[in-house]
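Worksheet: the structure to be examined is printed underneath.
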Amino acid sequence: MNNTYIANNDQNTKDTLMSNKTYFIETYGCQMNVYDSELVATQLEKTGYKATKDIESASLIFLNTCAIREKAQETVHNRLNSLEYLKKRNPDLLIGVLGCMAQNLKDDLLLNKPYVDVILGPDSYRRIPEIIQNRVHSMDHLVDTKLSKFEIYDDLFPSRKDGVNAWISIMRGCDKFCTFCIVPFTRGRERSRPVDSIVTEAKKAVKNGFVEITLLGQNVNSYTTPNGDFSDLLEQVAKIEGIKRIRYTSPHPRDFDDKLLNVMSKYQNICNYIHLPLQAGSSTVLKRMNRTYNREEFINLVKKIRYYLPNCSISTDIIVGFPGETEDDFLETIEMVKINKFNSAYMFKYSSRPGTKAAEYENQIDEESKQERLERLIKTQSEITLLQNKKKIGSIEYVLIEKESKKSKNFWSGRTDGNTWTVIKKNNEKIKDVVPVLITDAKGVTLFGKSLNHKETIYEAN
Ligand code: 5AD
Ligand code: SF4
């Protein structure tokens, strides 16, 4: 069903909109949303809109939303409530909700937030210019949350500000259906973008001064096209001249193969870093999560990665308090964190997502136990992160300078190959340089070091 409807006609609206065409996009959630917001910006700029940093004066406000946990949704609800006064002040203001919440909660939004004009799911951004044109003739809501089996926006290129790292989406959607996750419902089926289109975008990014590329997808390693799989794509990107660093996120442990490790070890500009979501340490819980691997398989995969890529940093995602998780199951998660010695982890309390299988499971865990488990897990992982970072003291790490340190303008902040933020005293280096750094200290999640700045040291792609 195509649930788009447009009505009414108002010439005044058109005139007002045309005289002040500025947009403000606020992005919530994952990097895929950051990328999508850049695509949306391109679409808006096509219709003559210009970006503004001042939300109060914008004539169009889009919130690109996230539905992964309840808290993310609450944040957007609160934000929308706080924007209602702007609409009252200026009825011509166009407010839009984009992304996963639009997909998930369109009826709720239509009912409870009548001042939201536009509701667009993640596969509907191609229609933005047309929607804006129609909107100027219309004062009614516009909703399009139809999911597509094909939309990959392969011919649309994002409007990027200057920066060090360019995110490039290589596939959309997810077919894994982990029982806790809303993504397969909000973002639809898996589709891969052609190799050529990705390589073109990467080359463009390099030309525009970006030195790091991060390939993005819900499941990057299920990427598949007639011209190659994920490893083939990674190799193509690694060969592009001028890319100092390549990262990717996130692979699924099930689809991780030796070919990928081979490509990673072959190219120096592919970072020694893998984000490998574990989710839970107990095989019983993993089965009920539909993760399609068990505890032993995950441990063996981590061992294999460290064998092929000895200095590879590994981070992970972990959920505590999944329905039915016993204290013993949770202790297995704690044990897994210790066995695998992750360099870092994103840790979450399970959040029930209506419509997913796990939301229907019995034995939902109470909030207090979830909180208590989360705190124990964070404590254990923080100790391991610090231990892993302390091991680096005395070694030389290559740091890509990204910005001035927040603490002092005499220091730079950048990331190591293994994705650890590192602070160094400014010498004669500049942003986007890769410099050898002698690590002298580790505190919390951050490394501190001294630049051994021999003018400039830059990775060469093989
Ligand atoms: N509750 C808590 N965390 C979740 N994630 C996905 N769905 C949920 C949920 N319902 C986490 C997973 C995933 C990360 C992006 O978000 O750990 O890897
Ligand atoms: Fe969600 Fe699982 Fe797909 Fe990741 S792999 S997006 S956790 S369903």
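The figures here come from the full heavy-atom set of this structure, side chains too, leaving out hydrogens, waters and symmetry mates. Order of listing sets the numbers, starting from 1, for every ligand and every atom in it. Nothing here was measured: the structure is a model prediction, and the numbers come from that model.
Protein heavy atom at the shortest distance from atom 2 (Fe) of ligand 2 is Cys178 SG, 2.3 Å. In terms of protein heavy-atom proximity, atom 7 (N) of ligand 1 is nearest to Phe180 CD1, 3.3 Å. Of the protein's heavy atoms, Lys349 O, 3.3 Å lies nearest to atom 2 (C) of ligand 1. The single protein non-hydrogen atom nearest to atom 6 (C) of ligand 1 is Ile68 CG1, 3.4 Å, given as residue, atom name and distance. Looking from atom 17 (O) of ligand 1 to the surrounding protein, the closest heavy atom is Gln279 OE1, 2.7 Å. In this structure, atom 10 (N) of ligand 1 lies nearest to the protein heavy atom Ser351 O, 2.8 Å. The protein atom (non-hydrogen) at minimum distance from atom 14 (C) of ligand 1 is Asp317 OD2, 3.5 Å. If you check which protein heavy atom lies closest to atom 4 (C) of ligand 1, you get Arg69 NH1, 3.3 Å. Protein heavy atom at the shortest distance from atom 3 (Fe) of ligand 2 is Cys174 SG, 2.2 Å.
Seen from the ring of Trp421, Lys403 counts as a face-on cation partner, given the 6.0 Å and 45° thresholds.
Looking only at distances, no side-chain donor or acceptor of Lys349 sits under 3.5 Å from a matching main-chain atom of Gly321. The backbone N or O of Val285 sits nowhere less than 3.5 Å from a side-chain atom of Glu325 that would complete a donor-acceptor pair.
Atoms of ligand 1 lying under 4.0 Å from any heavy atom of Ile319, numbered from 1 in the order shown and given with element: 3 (N), 4 (C), 5 (N), 12 (C), 17 (O). When each atom of ligand 2 is checked for a heavy atom of Val183 under 4.0 Å away, the hits are 6 (S). Atoms of ligand 2 found under 4.0 Å from any heavy atom of Asn219, numbered from 1 in the order shown, are 5 (S). Each of the atoms 6 (S) of ligand 2 lies under 4.0 Å from some heavy atom of Gln218. Each of the following atoms of ligand 1 lies closer than 4.0 Å to a heavy atom of Arg353: 10 (N). Near Pro184, meaning under 4.0 Å from one of its heavy atoms, ligand 2 places the atoms 8 (S). Atom numbering of ligand 2 starts at 1 in the shown order; those under 4.0 Å from a heavy atom of Phe180 are 7 (S).
Between Glu327 and Arg376 there is a salt bridge, since a side-chain N of the basic residue sits under 4.0 Å from a carboxylate O of the acidic one. Using a cutoff of 4.0 Å between basic side-chain nitrogens and carboxylate oxygens, Glu375 and Lys379 are not scored as salt-bridged. Using a cut-off of 4.0 Å between Lys/Arg side-chain N and Asp/Glu carboxylate O, Asp144 and Arg126 are scored as not salt-bridged. At a threshold of 4.0 Å, the pair Arg415-Glu402 counts as salt-bridged, since one of the basic side-chain nitrogens sits closer than that to a carboxylate oxygen.
Below 3.5 Å of separation, one finds no N or O of Tyr350 facing any N or O of ligand 1. Not a single N or O atom of Phe348, backbone or side chain, sits closer than 3.5 Å to an N or O atom of ligand 1.
In summary, the aromatic rings of Tyr49 and Phe24 are positioned with their centroids too far apart to meet the 6.0 Å limit.
Looking at Asn64 and Ser37, their side chains do bring a donor and an acceptor atom within 3.5 Å of each other.
Taking 2.8 Å as the threshold, Cys181 counts as a candidate ligand of atom 1 (Fe) of ligand 2, since one of its N, O or S atoms lies below it.
For Arg187, the closest heavy-atom approach to ligand 2 does not fall below 4.0 Å.
Heavy-atom contacts from other residues, nucleotides or ligands closer than 6.0 Å to NZ of Lys176 number more than 12.
Tyr346 and His275 have perpendicular rings, their planes meeting at more than 60° on a 0 to 90° scale where under 30° would count as parallel.
A side chain to side chain donor-acceptor pair (under 3.5 Å) with Asp123 is found for exactly one of Arg191, Lys146, Arg187, namely Arg191.
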